[in-house]
Peer 1: 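First the structure, which I've put down as structure tokens, then a few questions once you've had a look.
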Amino acid sequence: MALNFDLTDEQQMLRKMVRNFAEKEIAPIAQELDDKEEFSYTLTKRMGDLGLFGPFVSEEYGGSNVGYISYIIATEEIARIDGSQAATLAAGNSLGISPIYYYGNEEQKRRWLPDLCAGKALSSFGLTEPNAGSDAGASKTAATLEREEWVINGSKIFITNSTADISRVCVVQAVTGKSEDGKNEISCILVPNGTPGFEAKAMHGKMVWRASNTGELYFKDCRVPKENLLGRRGDGFHQMLATLDGGRLSIGAMGLGGAQGAFELALKYSKEREQFSRPIGSFQVNAFKLADMATEIELARLLLYKACWLCENHRPFSKEAAMAKMFCSEMYHRVANQAVQLHGGYGLMKEYPVERHYRNQKLLDIGEGTSEVQRIVIARHIGVPGRAM
Ligand SMILES: Cc1cc2nc3c(=O)[nH]c(=O)nc-3n(C[C@H](O)[C@H](O)[C@H](O)COP(=O)(O)OP(=O)(O)OC[C@H]3O[C@@H](n4cnc5c(N)ncnc54)[C@H](O)[C@@H]3O)c2cc1C
């Protein structure tokens, strides 16, 4: 059979298990954590106990090796309930664990991965800088090799999972010299939290993902051994692009799962809430809204799962990952908006979880490449002339 839309028994069991965990353990405390802007060590460890960190990592390094589609299903189920916990998981896996697993040497993998996969520690991916966001190649953070050590100077901003007590290491993208054509040579270097000269400051006041950890990082003559280089010197830009391809699948999963959650809340509410002596869902205009939401979610799922299938089968998937990330994020935007609309005034109150969906959605249009950047990536892949910039 050339086309098969069935999930395996293991994938269905995983969905059920993660759904159960999210409903029983995340849902009751998600709003309180959001109100207090509190990162949850307990939930992070629980996600580790359930094997949700390191789903693409082989068992010898502590991973569960269940594959990309399973990872995406798990992320979707957590995002259905809460964007913050999904962010901790998605960034922990796609941005934290993945570069170490795919580009680290044996010693680096053995040193870092077991605790990261157990949810006992977190690693972060330091790419964005105050003046280098979408234009990630314009990084100013520099690392110079002095005898046996990299000396790092610069700063990073908006780095997920970088300043919690269990944040253990950051993969820092730095300029390590000039290549022959005069362009910046970019490399990735592992910088353990707590290294002298590395200051990690928590950022507060986010509208989105309030219970996820975000930090600003400062490097001042920060020295790490030259062995902390990840992969080969000068490969950092390629490593970053490949890491973001995988990350886009997980952001897509957050959009899909979040939209599913918002839709279910809206469907339930539209059956319960009566106006003019009728459930509001029975007005055709509202029934059509729900029908459109369900259709968009189905479309997004097909697009995202196809991109994951390509990834899992080691085929090129950059274009599909960009399409899935962009579509799932923008679809979540539309669905969350209509879900709040169906809740009327109550949808604007924090005691209704649809309010959190409405806020959390916005990050997905911006993080790991804005929607505009995804369109640039797609335009290049489909052969649009020029640089599309
Ligand atoms: C909560 C949170 C968590 C994050 N986690 C991480 C993390 O873990 N690691 C990390 O490295 N980064 C992280 N980021 C940073 C995120 O990836 C960046 O915010 C994002 O890439 C956009 O960069 P910018 O904010 O500098 O916006 P800018 O690049 O300044 O963009 C501003 C606007 O200009 C548009 N624009 C820019 N260039 C073009 C162009 N060529 N054509 C058309 N439009 C353009 C953008 O689309 C956007 O609308 C996080 C951000 C947030 C808010």
Side-chain angles (χ1 to χ4, degrees), residues 1-8 11-12 14-15 18 55-56 66-80 83 86-87 89-90 93-94 98 241-264 289-339 357 360-384 388:
M1 190 159 41
L3 267 181
N4 179 0
F5 293 101
D6 288 332
L7 295 178
T8 64
Q11 287 163 346
Q12 290 179 48
L14 178 93
R15 185 186 291 285
V18 181
F56 43 79
V66 288
Y68 245 89
I69 294 179
S70 296
Y71 167 36
I72 261 35
I73 290 171
T75 309
E76 205 186 313
E77 287 301 323
I78 305 279
R80 175 175 164 269
L89 182 70
N93 277 318
S94 292
S98 134
L241 291 179
T243 298
L244 291 179
D245 278 345
R248 283 170 187 155
L249 298 178
S250 64
I251 296 276
M254 292 180 68
L256 175 60
Q260 179 71 38
F263 163 74
E264 286 174 21
K289 272 181 192 163
L290 290 159
D292 285 348
M293 288 154 94
T295 306
E296 286 223 74
I297 291 170
E298 190 63 26
L299 246 174
R301 184 166 284 118
L302 290 174
L303 188 56
L304 178 64
Y305 281 27
K306 182 184 171 197
C308 293
W309 180 87
L310 290 169
C311 168
E312 196 141 292
N313 285 286
H314 310 291
R315 304 214 193 154
F317 69 99
S318 297
K319 179 185 75 179
E320 287 78 6
M323 287 176 167
K325 193 269 184 190
M326 177 186 84
F327 187 80
C328 291
S329 305
E330 295 185 353
M331 180 277 299
Y332 185 16
H333 183 95
R334 294 188 287 274
V335 167
N337 186 35
Q338 292 297 8
H357 280 295
N360 280 338
Q361 172 284 318
K362 193 58 206 161
L363 188 280
L364 305 188
D365 292 336
I366 292 173
E368 294 194 38
T370 62
S371 285
E372 291 75 16
V373 167
Q374 304 312 316
R375 286 183 169 83
I376 292 170
V377 172
I378 297 163
R380 280 184 190 148
H381 276 285
I382 61 174
V384 172

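Index from 1, following the sequence. All figures in this text were calculated on a predicted structure; none of them were measured in a lab.
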Peer 1: Can Val377 and Arg248 be said to form a side-chain contact (heavy atoms from CB on, under 4.5 Å), step by step?
Peer 2: CA-CA 12 Å; Val377 172; Arg248 283 170 187 155; 4.2 Å; yes
Peer 1: Scan side-chain atoms only and decide if Asp245 and Ser318 contain a donor-acceptor pair under the 3.5 Å cut-off.
Peer 2: yes
Peer 1: Begin with the C-alpha distance, continue with both residues' side-chain angles, and end with the deciding distance and a verdict on side-chain contact (heavy atoms from CB on, under 4.5 Å) for Gln361 and His357.
Peer 2: CA-CA 6 Å; Gln361 172 284 318; His357 280 295; over 6 Å; no
Peer 1: For Leu7, does its backbone N or O pair with a side-chain atom of Gln12 as donor and acceptor, under 3.5 Å?
Peer 2: yes
Peer 1: Taking all non-hydrogen atoms of both residues into account, name the closest pair between Tyr332 and Asn360 and its distance.
Peer 2: OH-CB, 4.4 Å
Peer 1: Please test Val66 against Tyr71 for side-chain contact (heavy atoms from CB on, under 4.5 Å), starting from the C-alpha separation and ending with a verdict.
Peer 2: CA-CA 7 Å; Val66 288; Tyr71 167 36; 5.9 Å; no
Peer 1: Is any side-chain heavy atom of Arg315 less than 4.5 Å from a side-chain heavy atom of Trp309?
Peer 2: yes
Peer 1: Atom CG of Asp365 and atom CD of Glu372: how far apart are they, to the nearest 0.5 Å?
Peer 2: 8.5 Å
Peer 1: Tell me the closest heavy-atom pair linking Lys319 and Ile382, and the distance in Å.
Peer 2: CD-CG2, 4.2 Å
Peer 1: Applying side-chain contact (heavy atoms from CB on, under 4.5 Å), run through Phe327 and Glu296 and close with a yes or a no.
Peer 2: CA-CA 9 Å; Phe327 187 80; Glu296 286 223 74; 3.7 Å; yes
Peer 1: For Leu256 and Met331, which heavy atoms make the closest approach, and how far apart are they?
Peer 2: CA-CE, 4.1 Å
Peer 1: Hey, what do you get for CZ (Arg380) to CZ (Arg375), rounding to the nearest 0.5 Å?
Peer 2: 15.0 Å
Peer 1: Mark yes or no for whether Glu312, through its side chain, and Ile69, through its backbone, hold a donor-acceptor pair below 3.5 Å.
Peer 2: yes
Peer 1: So which heavy atom on Ala307 is nearest to which on Ala321, and how close?
Peer 2: CB-N, 4.1 Å
Peer 1: Using modelled atom types only, decide if a donor and an acceptor are shared between the side chain of Lys325 and the backbone of Leu364 within a distance under 3.5 Å.
Peer 2: yes
Peer 1: Would you give the length of the straight line joining atom CG of Leu249 to atom OG of Ser94, rounded to the nearest 0.5 angstrom?
Peer 2: 7.5 Å
Peer 1: Rounded to the nearest 0.5 Å, what's the gap from CD1 on Ile297 to CD on Gln260? Could you check?
Peer 2: 5.0 Å
Peer 1: Hey, are the side chains of Gln338 and Arg334 touching, using non-hydrogen atoms and a 4.5 Å cut-off?
Peer 2: no
Peer 1: Could Glu77 and Arg15 be called an ion pair, given the rule that one side-chain N must be under 4.0 Å from one carboxylate O?
Peer 2: yes
Peer 1: Hey, what do you get for SG (Cys308) to CD1 (Ile72), rounding to the nearest 0.5 Å?
Peer 2: 4.5 Å
Peer 1: Might you point out which heavy atoms bring Ser329 and Ile251 nearest each other, and give the distance in Å?
Peer 2: OG-CG2, 4.0 Å
Peer 1: About how many Å separate CE of Met323 and CZ of Phe317, when rounded to the nearest 0.5 Å?
Peer 2: 14.5 Å
Peer 1: Testing the basics here: between Ala87 and Met254, what is the closest heavy-atom pair and its distance to 0.1 Å?
Peer 2: N-CE, 3.6 Å
